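This is a predicted model, so every value here is computed, not measured. We're numbering straight along the sequence, starting at 1. Both ligands and their constituent atoms are indexed starting at 1 by order of listing.
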Amino acid sequence: MSSTTISDVCTHAPTSDFDPYAEEVLNDPYPFYEELRELGPVVYLQRYDAYAVARHAEVHAVLSDPATFCSSAGVGLTNFRTEKPWRKPSIILEADPPYHARIRKVVARVLSPASIARLRVTFEAEAEALVDKILTQGKFDAARDFCAAYPLKVFADAVGLPAEGRENLLPYGDMVFNGFGPINERFHARMNTSSAAIQWISEVCQRENLTKDGLGADLYSAADAGEITHEEAGLLVRTLLSAGLDTTVFTLCNAIIALARNPQQYQILHESPTLARQTIEEVVRYDPTFHSFYRTTTKPVEIAGVSLNENQKVLAIIASANRDPRRWENPAQFDLQRRATGHVGFGAGIHGCAGQMMARLEGDILLGALARKVESITLTGEPVRHFNNTVRGYSSIPVSIIPVTQIQ
Ligand code: OVM
């Protein structure tokens, strides 16, 4: 009678009607995240029949245990065990060990610090040229002319894409990231206008449409060496194009907004441009592009005393973990001199962002060039938010900048 079973000591998760995809949440999710974190370590989201973890410790724990919290059932709301994915699943993002490890090894090598180091000289020259261009403009749209322009040039060149048709890249990524949420209006609206983008993407993933010396070609070389198949190489080029543009573009947007709204922080960066790398790190902690993704339980499991059944979707809210006061001092403060290491803005564990060194390289170089040549950045109007189910950024950031020399 007095024997205690696991189910006696486990509590149920508190229920919430929180909607991660509501416009007011996407506009400013942080107050909602605070509420979720305070509700408990695990919260049941009744609208979506999913559980959410919003504290740093649980987010980290979920991401670090892929045997229990798997990715092969999809990292969006759609459960691939019971529902049909809108596109062929990613062979790296939406895959589990041991298959995942074989694929990841190839991608990790292609995107390793050693292999991307050769890009630095070109990336630097392009960053200098872009900063010089915006300096001649003085007033411009930072989202379009700076944050989008740079990755669309340097990353797309690095992959080995043709110059023609790059306008398809951001709409394609927008669809992919909407697709991790519910199949809602936002998803359909983008899907309806994107058949040309899907077509273009599938063509440029083919070997004959890529340059011979880019990252895409490197993936096909791994196929020649027998590490992956040629079809897998094509799917991994698709991964580079899905995950590599909107993400870096929006991270640069979030950096510009954080710096423009915290002029004393920009001043610190301006005085010590080598802090550019730390700035990117703090941006990815403070206001990460990627807000949340799901895992699916492979067995009954307990998280912080709460029992979950098998085959449950669990939403890991990484942007909330990055603001958890249990982990960070003054989490809502943008402080580029803080120790931001340990944030989960690039995820964690075996699925941690494979392109993070590339993202840091681009951000470091571009913000460094900006910091050296620009005295100050001022918003000249309201930034326009871009609404997407999974990633947060801007479609327009009107700014004016003052060049260094003008004041000297
Ligand atoms: C992929 C993929 C797509 C979007 C994001 C991502 C954050 C990966 O197709 O593999 O990682």
Side-chain angles (χ1 to χ4, degrees), residues 59 62-63 66 69-78 80 85-97 99-108 110-111 151 155-156 159 161 168-181 187 190-191 194 197-198 200-202 204-205 215-216 219 222 228 231-251 254 284 288-295 315-319 321-322 343-360 362-363 386 388-393:
V59 167
V62 165
L63 297 180
F69 302 99
C70 79
S71 291
S72 59
V75 300
L77 187 60
T78 303
F80 295 176
W86 71 271
R87 63 170 195 167
K88 197 170 181 329
S90 162
I91 59 171
I92 181 163
L93 178 77
E94 294 154 332
D96 291 328
Y99 175 78
H100 169 266
R102 182 166 66 79
I103 301 297
R104 171 82 185 203
K105 198 176 151 200
V106 173
V107 175
V110 168
L111 293 174
F155 181 71
V159 172
L161 297 186
N168 291 304
L169 288 164
L170 294 176
Y172 182 76
D174 196 42
M175 194 160 44
V176 169
F177 289 109
N178 273 334
F180 294 134
F187 177 78
R190 179 45 89 190
M191 193 69 176
S194 290
I198 296 175
W200 183 82
I201 291 286
S202 78
V204 295
C205 289
L215 304 170
L219 291 167
I228 52 175
E231 194 198 339
E232 286 169 335
L235 279 165
L236 291 177
V237 179
R238 190 191 74 168
T239 282
L240 296 184
L241 304 185
S242 302
L245 273 307
D246 302 60
T247 47
T248 45
V249 168
F250 287 157
T251 300
N254 296 338
V284 176
T289 296
F290 210 103
H291 266 231
S292 57
F293 43 70
Y294 295 82
R295 293 292 187 260
L315 184 66
I317 309 184
I318 60 182
N322 283 357
H343 70 72
V344 285
F346 287 123
I350 63 165
H351 289 282
C353 178
Q356 57 186 284
M357 297 314 287
M358 175 71 83
R360 289 193 181 100
E362 290 177 50
H386 177 80
N388 178 285
N389 286 334
T390 308
V391 286
R392 284 181 81 244

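Glu94 pairs by the salt bridge (Lys or Arg N to Asp or Glu O under 4.0 Å) definition with nothing, not counting sequence neighbours. Evaluation of the salt bridge (Lys or Arg N to Asp or Glu O under 4.0 Å) rule for Arg360 yields Glu281 as partners, not counting sequence neighbours. With sequence neighbours excluded, the residues forming a salt bridge (Lys or Arg N to Asp or Glu O under 4.0 Å) with Arg392 are Asp287, listed by chain and number.
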Distances for all N or O pairs of ligand 1 and the protein under 3.5 Å?
residue: ligand 1; atom: 9 (O); partner: Arg87; partner atom: NH2; Å: 2.8
residue: ligand 1; atom: 9 (O); partner: Thr239; partner atom: OG1; Å: 3.4
residue: ligand 1; atom: 10 (O); partner: Ser90; partner atom: OG; Å: 2.6
residue: ligand 1; atom: 10 (O); partner: Thr239; partner atom: OG1; Å: 2.7

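Ring-plane geometry between His343 and Phe346 is classed as tilted, the angle between the planes lying from 30 to 60 degrees on a 0 to 90 degree scale.
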- Item | Full working for side-chain contact (heavy atoms from CB on, under 4.5 Å) between Asp246 and Phe177 | CA-CA 9 Å; Asp246 302 60; Phe177 289 109; 4.1 Å; yes
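In this structure, CE in Met358 is found 5.5 Å from CZ in Phe155, a value given to the nearest 0.5 Å.
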